[in-house]
Amino acid sequence: MPRITLPDGSVKEFESPVTARQVAESIGARLAQAAVGCRVDGELADLGTVLDRDCSLAIVTEKTRAGDPDPDALFLLRHSTAHVMAEAIQRIVPGAQLVYGPPLDTGFYYDIAFPEDRPLKEGDFEAIEAEMARIVKNDRPFTRYELPVDEGMAKLKGEGSKYKIDNAEQAVKAGSDRLSFYATGEPGKDWEDLCRGPHVPGTGRIGAFKVMSLASSYWHGDENSDRLTRVYGTAFFSKKDLDAHMMRIEEARKRDHRVLGRKLQLFHIDEQVGQGLILWTPRGSVIRKELQDWIGGELRKMGYTDVYCPHIGKLDLYKTSGHFPYYAESQFVPVMERDFLSKVSDEGCSCSDLSNMMGEGDIEGYLLKPMNCPHHIKIFDSQPRSYRDLPIRLSEFGTVYRWEQSGELNGMTRVRCFTVDDAHLFCREDQVGEEVRGCLKLVKIAFETLGLTDFRIRVGLRDPDSSKYVGDPAVWDKAEAACREAASELGAKVSMEPGEAAFYGPKIDFVVKDVIGREWQLGTVQVDYNLPQRFDLSYVGADNQRHRPVMIHRAPFGSLERFVGVLIEHFAGAFPLWLSPEQVRVLPISEKSNDYAKEVVAKLTEAGLRATLDDSDNRVQGKIKAGSEMKIPYLLVVGPRDAENRAVSVRAFGEEKDLGQMPLEDFVAAAAEEHRGKGKVTVKDRMPAGV
RNA sequence: GCCGCUGUAGCUCAGUGGUAGAGCGCACCCUUGGUAAGGGUGAGGUCGCGGGUUCAAGUCCCGCCAGCGGCUCCA
């Protein structure tokens with residue numbers, strides 16, 4: 001006698017076990033028609049699930065009752081489409097062995113092992129999609145059946161699929177006492193797959209799908225294991241939704257900082273200079289310099305002092321800090337002294353000997369610095385320190401070098417040389433809380449000024465069961481409490497993540513969501529008990545005893561390269577006035593107005609604005625098009641009508657129409673104010689009424 | 001680093017065994033104009049690099065370099 005509670009709280013009682021589909025039918029034919037699955041006690045399940053005891057049931061349809069697309073419905077759809085794609089691929093490439101095919105937020109993939117002599121190519125997509133379309137058109141039902149473990153294993157062994165056997169073994173290990181299979185159609189007759197489900201009722205529900213791309217993966221993510229081909233696809237209930245998805249991808253591509261970086265001439269990567277090495281062009285450098293000057297000003301207010309350090313240091317320094325040879329693989333190969341090289345070569349040292357010595361850290365030379373902290377520590381340690389001197393806050397836009405794997409490099413966001421807006425704070429234990437709070441405040445100001453208001457905070461705490469952490473547990477407790485408290489004071493989403501601390505101390509990471517919803521880890525604040533110990537740092541306390549200072553590493557932007565890369569995408573290249581490489585471009589209507597236009601440019605430049613003149617022989621329309629494509633905040637059209645009134649006709653980026661005429665002096669004042677105030681008040685706010 | 005794809009003019013791309021192309025950009029000329037491209041002419045390429053096959057290679061094969069999509073990694 002199952003009693004079934006529906007989402008509205010009503011209860012339906014049945015004489016005997018029923019399927020979710022039957023319940024849906026009892027509610028209404030249209031609901032049953034629209035149903036793609038259900039949630040039984042909150043758990044996503046097939047529509048054909050038999051309900052034989054009391055439970056809560058929600059019927060899943062394409063859209064939630066509020067009218068939004070239901071993520072569960074898409075999950076079912078994509079999981080099902082993965083089966084259809086796998087069937088199509090196996091038909092086209094006999095011998096292809098299926099591994100694992102889960103749904104994703106934006107689609108799904110299927111990892112497949114292809115025969116060596118028949119890899120999958122992008123050219124196969126058309127045939128796969130055609131085959132998929134056929135399967136969808138047949139509207140075959142997804143039919144679940146279960147077997148006891150031994151029978152199911154016997155079946156899989158008979159089919160000889162080592163990957164599916166492995167999946168089944170994992171399921172058993174996780175506690176399953178039965179194995180479930182899904183036939184796309186009739187079991188024993190149609191294509192089927194070991195799968196825990198659930199699925200939509202039939203292939204006919206798949207409204208629109210697309211095979212997207214190929215990638216490679218490893219079995220179990222292990223690079224020493226089998227190499228698999230990952231086939232990505234996506235599916236939606238309607239063609240319209242798929243089209244919208246493709247549009248979004250296209251939009252994201254237009255925002256891509258690598259595409260915009262070229263188009264807007266912000267940075268350049270040159271083959272001959274090297275992979276992952278960013279050349280900041282004049283335009284990009286404006287953005288970087290504005291950011292540096294601004295954050296530098298904030299730091300001065302907060303009691304930081306600037307330091308400058310070389311880009312290299314002796315290997316011994318990094319042996320003390322622990323970076324070498326432990327992280328040797330992610331560093332550039334050390335720079336060796338001539339004398340050292342000739343000495344070891346005289347001793348008969350071979351290349352492989354040298355390589356081994358390097359692995360052991362047993363060589364002499366210099367390292368391109370992978371981090372700034374050791375240099376800053378040496379500055380701290382260059383003179384005796386009293387407790388009265390603390391905290392000492394040393395800041396530097398410090399350039400570091402890391403040997404990222406070539407496949408990891410990506411535009412400005414993953415590079416081999418980058419500049420950290422770094423600082424190291426040396427303080428007493430009792431000052432940690434306040435210093436951390438100060439760092440967080442700075443990060444918050446930075447993000448909010450740039451409109452990166454959607455961010456969350458991850459507080460990495462130590463794993464209480466692990467012994468890998470340095471320092472006194474009681475001190476850790478205090479530092480963790482300080483981080484936790486400071487983070488929660490910020491009023492953003494905070495998550496505590498035990499086990500995510502660095503081995504040397506707890507850390508706070510800022511994860512920013514950009515305007516298209518992608519998350520980026522940018523700013524970070526880390527408490528460090530390790531390096532002060534390794535370098536035996538001390539200060540003299542009020543008790544005239546030596547005490548160990550605590551270090552805080554912090555970088556609100558992270559790296560300038562990554563930060564600017566993210567900003568390019570965040571603003572889609574349309575930077576706010578104060579960051580714009582070219583803030584105002586003056587467009588004379590014809591040559592006759594060139595003189596006045598030059599005067600306008602001069603006035604703007606005098607006011608500290610970055611202004612240029614477009615005196616090409618294009619017509620105004622052409623100049624506007626060109627200026628708009630460069631995403632310049634203000635285009636000033638000037639013709640005889642403006643010259644006569646000593647005025648300018650203002651066109652702001654993103655506005656469909658021009659804002660109208662404004663006296664030149666007023667525009668200069670308003671733009672200068674917008675620049676200084678970082679956009680708090682804009683020129684538009686100062687336009688005469690009626691705009 | 002691994003797998004797959006790609007590499008042709010400054011940019012975006014067409015050309016798949018037989019004399020290197022287009023659009024945009026650039027230069028010059030005409031046009032002197034009022035809010036997202038007026039018209040014309042022209043310059044510009046060892047087809048990523050190195051080998052090979054062929055009477056003939058941008059095109060086919062091999063190696064390398066770089067970019068892209070992933071995987072793995074990220075102090």
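Computed from a predicted structure; not experimentally measured.
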Exercise. On RNA chain B, check which nucleotide each of A/Glu329 and A/Ile269 is closest to and give me the residue with the more 5' one.
Key: A/Ile269

Exercise. Return yes if the base of B/rA66 and the side-chain atoms of A/Ser406 contain a donor-acceptor N/O pair under 3.5 Å, otherwise no.
Key: no

Self-check item: Counter-base of B/rG33, judged by Watson-Crick or G-U geometry with both distances under 3.5 Å
Solution: none

Quiz item: Under the criteria of a ring-centre distance below 5.5 Å and an interplanar angle below 30°, is A/Tyr327 stacked with the base of B/rA75?
Solution: yes

Quiz prompt | B/rG42 - base-pair partner by Watson-Crick or wobble geometry, distances under 3.5 Å | solution = B/rC26

Quiz item: Is A/Ser649 touching bases, backbone alone, or none of the nucleic acid, heavy atoms closer than 4.0 Å?
Solution: base

Practice problem: Could you please name the option among B/rG33, B/rG70, B/rA75 that lies closest to any side-chain atom of A/Tyr504? | Solution: B/rA75

Quiz item: Base, sugar-phosphate, or nothing for A/Glu271, non-hydrogen atoms under 4.0 angstrom?
Solution: sugar-phosphate

Quiz item: Are any of the side-chain nitrogens in A/Lys162 or A/Asp226 under 4.0 Å away from the carboxylate oxygens of its partner?
Solution: yes

Quiz item: Any ion pair linking A/Glu599 and A/Lys603 (charged N to carboxylate O, less than 4.0 Å)?
Solution: no

Quiz item: Within less than 4.0 Å of OP1 or OP2 of B/rC68, is there a side-chain N or O belonging to A/Arg258?
Solution: yes

Quiz prompt | Nucleotide nearest A/Asp617 when distance is taken to its side chain, options B/rC73, B/rG33, B/rC30 | solution = B/rC30

Self-check item: B/rG17 to B/rG58 separation - P atoms, rounded to the nearest Å
Solution: 13 Å

Practice problem: Just name whichever nucleotide pairs with B/rC71, Watson-Crick or G-U, keeping both distances under 3.5 Å, else none. | Solution: B/rG1

Quiz item: Could one point to a donor on the side chain of A/Arg619 or the base of B/rA36 with an acceptor on the other under 3.5 Å away?
Solution: no

Practice problem: Among B/rU12, B/rU35, B/rC73, find the nucleotide with the atom closest to the side chain of A/Arg262. | Solution: B/rU12

Quiz item: What nucleotide among B/rA36, B/rG34, B/rC74 has an atom nearest to a side-chain atom of A/Arg414?
Solution: B/rC74

Practice problem: Compute whether any side-chain donor of one residue and acceptor of the other, for A/Asp166 and A/His220, lie under 3.5 angstrom apart. | Solution: yes

Quiz item: Could a donor-acceptor pair under 3.5 angstrom be found where the side chain of A/Arg402 meets the base of B/rC74?
Solution: no

Practice problem: Under a 3.5 Å limit for both distances, which nucleotide forms a Watson-Crick or G-U wobble pair with B/rU16, could you say? | Solution: none

Quiz item: If we call it a pair only when both distances are under 3.5 Å in a Watson-Crick or G-U wobble match, what pairs with B/rA66?
Solution: B/rU6

Quiz item: Is A/Arg78 reaching over with its side chain to a backbone N or O of A/Ala235, donor-acceptor style, under 3.5 angstrom?
Solution: yes

Practice problem: Quick one: label A/Gln621 by what it contacts on the DNA or RNA (base, sugar-phosphate, nothing), any heavy atom closer than 4.0 Å. | Solution: sugar-phosphate

Quiz item: So, does the side chain of A/Tyr218 form a donor-acceptor pair with the base of B/rC2 at under 3.5 Å?
Solution: yes

Quiz item: Which part of the nucleic acid, if any, lies within contact of A/Arg651, taking any heavy atom under 4.0 Å across all strands shown: a base, the sugar-phosphate backbone alone, or nothing?
Solution: base

Quiz item: If only side-chain N and O atoms of A/Gln275 are considered, is one of them under 4.0 Å from the OP1 or OP2 phosphate oxygen of B/rG67?
Solution: yes

Quiz item: With a non-hydrogen cut-off below 4.0 angstrom, is A/Thr229 in contact with a base, only sugar-phosphate, or nothing?
Solution: nothing

Quiz item: Reckon A/Asn410 has a side-chain N or O less than 4.0 Å from the OP1 or OP2 of B/rG69?
Solution: yes

Quiz prompt | Distance-only side-chain donor-acceptor flag, A/Ser649 / A/Asp658, under 3.5 Å | solution = no

Practice problem: Classify the side chain of A/Ser213 and the base of B/rG69 as holding, or not holding, a donor-acceptor pair under 3.5 Å. | Solution: no

Quiz item: If you find the nucleotide of RNA chain B closest to A/Met371 and the one closest to A/Arg641, which residue's nucleotide is nearer the 5' end?
Solution: A/Arg641

Quiz item: What does A/Tyr109 touch in the nucleic acid at a heavy-atom separation under 4.0 angstrom: a base, only the sugar-phosphate, or nothing?
Solution: nothing

Quiz item: For atom P, what is the distance between B/rU16 and B/rG52, given to the nearest Å?
Solution: 26 Å

Quiz item: Quick one: which of B/rU32, B/rG34, B/rA75 gets closest to the side chain of A/Pro640?
Solution: B/rG34

Quiz item: Can you tell me the Watson-Crick or wobble partner of B/rC60, both distances under 3.5 angstrom?
Solution: B/rG52

Quiz item: Can you check side chain to side chain contact (heavy atoms under 4.5 Å, CB included) on A/Tyr504 and A/Arg534, steps first, answer last?
Solution: CA-CA 11 Å; A/Tyr504 50 76; A/Arg534 294 189 78 115; over 6 Å; no

Self-check item: Polar side-chain contact A/Asp642-B/rG34 base: donor and acceptor under 3.5 Å
Solution: yes

Quiz item: With no hydrogens and no angle check, do the side chains of A/Asp642 and A/Gln661 hold a donor and an acceptor under 3.5 Å apart?
Solution: yes

